[in-house]
2 protein chains.
Amino acid sequence: MQDRVNERLEARSNTKAQILSAALASFGTAGYDGTSLDDLARGLGIRKQTILYHFVSKRGLLNAVVDRCAGDLTGAMDEVLSGADRDWERVEALVRRVFRVALEQPVLLGLLREVSRPGSPGAQRLRNHMEPMMARARVWIEGEMAAGRMRRADAQLLLISAYSTVVGVATETEVLRAAGIEPTLRPVVQRRRELLNFLRSSLDPRD
Amino acid sequence: MQDRVNERLEARSNTKAQILSAALASFGTAGYDGTSLDDLARGLGIRKQTILYHFVSKRGLLNAVVDRCAGDLTGAMDEVLSGADRDWERVEALVRRVFRVALEQPVLLGLLREVSRPGSPGAQRLRNHMEPMMARARVWIEGEMAAGRMRRADAQLLLISAYSTVVGVATETEVLRAAGIEPTLRPVVQRRRELLNFLRSSLDPRD
DNA sequence: CAGGCTATTTACCAGTTGGTAGAGAGCGGC
DNA sequence: GCCGCTCTCTACCAACTGGTAAATAGCCTG
């Protein structure tokens with residue numbers, strides 16, 4: 001009996017999850033406007049109305065996708081910000097953790113890129129997710145600066161610079177592919193190193 | 001008589017040029033799929049069929065826009081590559097020149113971003129424009145390396161890294177705006193400095 | 001077995017999309 | 001005065017868009 005309930009719950013989340021991940025991929029590559037619900041459904045072997053049943057509207061689907069991605073990101077950042085690392089080590093851990101998420105889920109980067117366009121539907125929603133996390137990071141950094149454990153700098157601008165570097169990885173991967181080069185880890189690792197260097201030179205008091 | 005001819009020619013290029021720049025702005029902000037010919041025409045106070053008369057199809061319009069932008073970019077690069085600067089100075093001049101184009105025409109960056117997505121219509125066309133210029137730059141850099149005037153490095157990867165940094169400026173501007181910060185020159189200048197530092201540390205033999 | 005809930009379907013719709021066909025206006029050359 | 005060229009327009013269309021309404025089937029509970 002309970003098995004049956006589980007089975008149905010699994011079946012539900014299965015369809016829903018499949019729609020979600022297919023939508024993530026499509027929004028991230030073809031863009032929001034470039035994605036049609038009919039195509040999406042066809043790709044999954046279901047009818048468009050099933051998508052609308054689960055997510056009410058195309059906009060609702062986008063929101064759900066954004067929510068999931070933002071959750072993955074803020075969750076990862078949360079782990080680090082609740083962790084034991086301190087001072088500069090924490091900054092480094094944060095960067096490495098975010099890059100790890102990005103590398104594990106390349107499609108996530110595509111969506112991030114698509115949705116960071118101002119005026120894009122979902123831009124506001126992404127911002128609502130990221131802002132508290134950014135504010136938290138900012139408060140922490142500014143605290144470190146005040147305590148003399150980090151050099152003084154514009155924390156806000158620093159964070160945005162870091163964020164856009166991560167999104168920029170998506171751009172670079174695409175440029176590489178467009179240039180006919182199968183993307184490797186190398187440029188990504190290089191970007192990460194650049195970002196770490198930049199942050200270290202801005203923040204590390206030992207420099 | 002000749003006046004009349006000129007007037008007509010001017011009128012022609014006027015409409016066509018207006019369509020072109022409006023399309024550039026719309027493709028760069030709303031994206032290709034997010035741009036409708038009807039809206040575009042309405043914004044210009046003309047009928048959609050006038051657009052189609054001048055550019056045959058929506059795709060044709062995109063191609064024309066890409067051609068213009070790529071022309072601006074390769075033209076700028078061409079100037080420098082035909083100029084008097086040598087060695088590292090030439091690299092620096094190249095970077096500064098390209099950034100100048102990007103700053104003078106922010107919409108161009110938006111289009112570049114839109115069109116660098118692989119699978120995007122126009123991606124191939126952009127590539128066809130950029131490739132010869134990239135190849136030329138690469139040959140030159142590799143020559144400098146062989147002559148010992150630059151340090152050895154992967155010229156191809158270096159160029160792509162530089163290119164995606166420029167495109168990344170578009171991303172950053174948008175992220176800034178999405179974060180509610182009116183974009184200023186500062187982050188752009190910073191990106192340019194970062195890129196120059198990166199290139200210098202990779203190429204300048206004096207380092 | 002009746003009733004209700006969940007999930008998916010078929011049938012349908014109004015609005016928008018890019019694009020075609022063709023008419024008309026203004027002009028210069030013959 | 002008429003032809004032909006360039007440019008812009010009106011009229012129209014088939015295909016597709018996101019979305020609504022309602023039917024159906026399977027399952028659990030009472």
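By convention in this document, chain letters (A, B, ...) are assigned in the order of the sequence lines, proteins followed by strands, and residues within each chain are numbered from 1.
The distance between atom CG of D38(A) and atom P of dT17(C), rounded to the nearest whole Å, is 17 Å. With rounding to whole Å, Q18(B) atom CD is found 14 Å from dC7(D) atom P.
Remark: the T173(A) side chain and the R113(A) side chain contain no N/O donor-acceptor pair separated by less than 3.5 Å. Remark: the R152(B) side chain and the S202(B) side chain contain no N/O donor-acceptor pair separated by less than 3.5 Å.
Of the residues in residues 42-53 of chain B, K48(B), Q49(B), L52(B) come within less than 4.0 Å of DNA chain C through at least one heavy atom, sorted by number. Using a 4.0 Å cutoff on non-hydrogen atoms, no part of residues 55-65 of chain B comes near DNA chain D.
The 12-atom threshold is exceeded at CZ of R136(B), counting heavy atoms of other residues, nucleotides or ligands nearer than 6.0 Å.
Candidate nucleotides dT17(C), dT8(D), dG18(D) were compared by shortest atom distance to the side chain of L37(A), and dG18(D) ranks first. Taking only side-chain atoms of D39(A), from C-beta outward, the nucleotide of dT17(D), dT8(D), dT17(C) with the closest atom is dT17(D).
Residue S36(B) places none of its side-chain N or O atoms closer than 4.0 Å to OP1 or OP2 of dT16(C). Using a 4.0 Å cut-off, no side-chain N or O of H54(A) falls inside it from OP1 or OP2 of dT6(C).
Of the possible donor and acceptor atoms, one in the side chain of K58(A) sits under 3.5 Å from a partner among the backbone N and O of T35(A).
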Walk me through whether N128(A) and R125(A) qualify under side chain to side chain donor-acceptor pair (under 3.5 Å). CA-CA 5 Å; N128(A) 290 344; R125(A) 199 175 183 93; over 6 Å; no

For side chain to side chain donor-acceptor pair (under 3.5 Å), just list the numbers for S36(B) and R42(B), CA-CA rounded to whole Å, side-chain angles, deciding distance to a tenth of an Å, and then say yes or no. CA-CA 10 Å; S36(B) 100; R42(B) 203 173 306 132; over 6 Å; no

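From L199(A), atom CG reaches atom CG of D204(A) across 10.5 Å, with rounding to the nearest 0.5 Å.
Partners of Y32(A) according to the ring pair (Phe, Tyr, Trp, His ring centres under 6.0 Å) rule, which considers only residues two or more places apart in sequence or in another chain, are F27(A).
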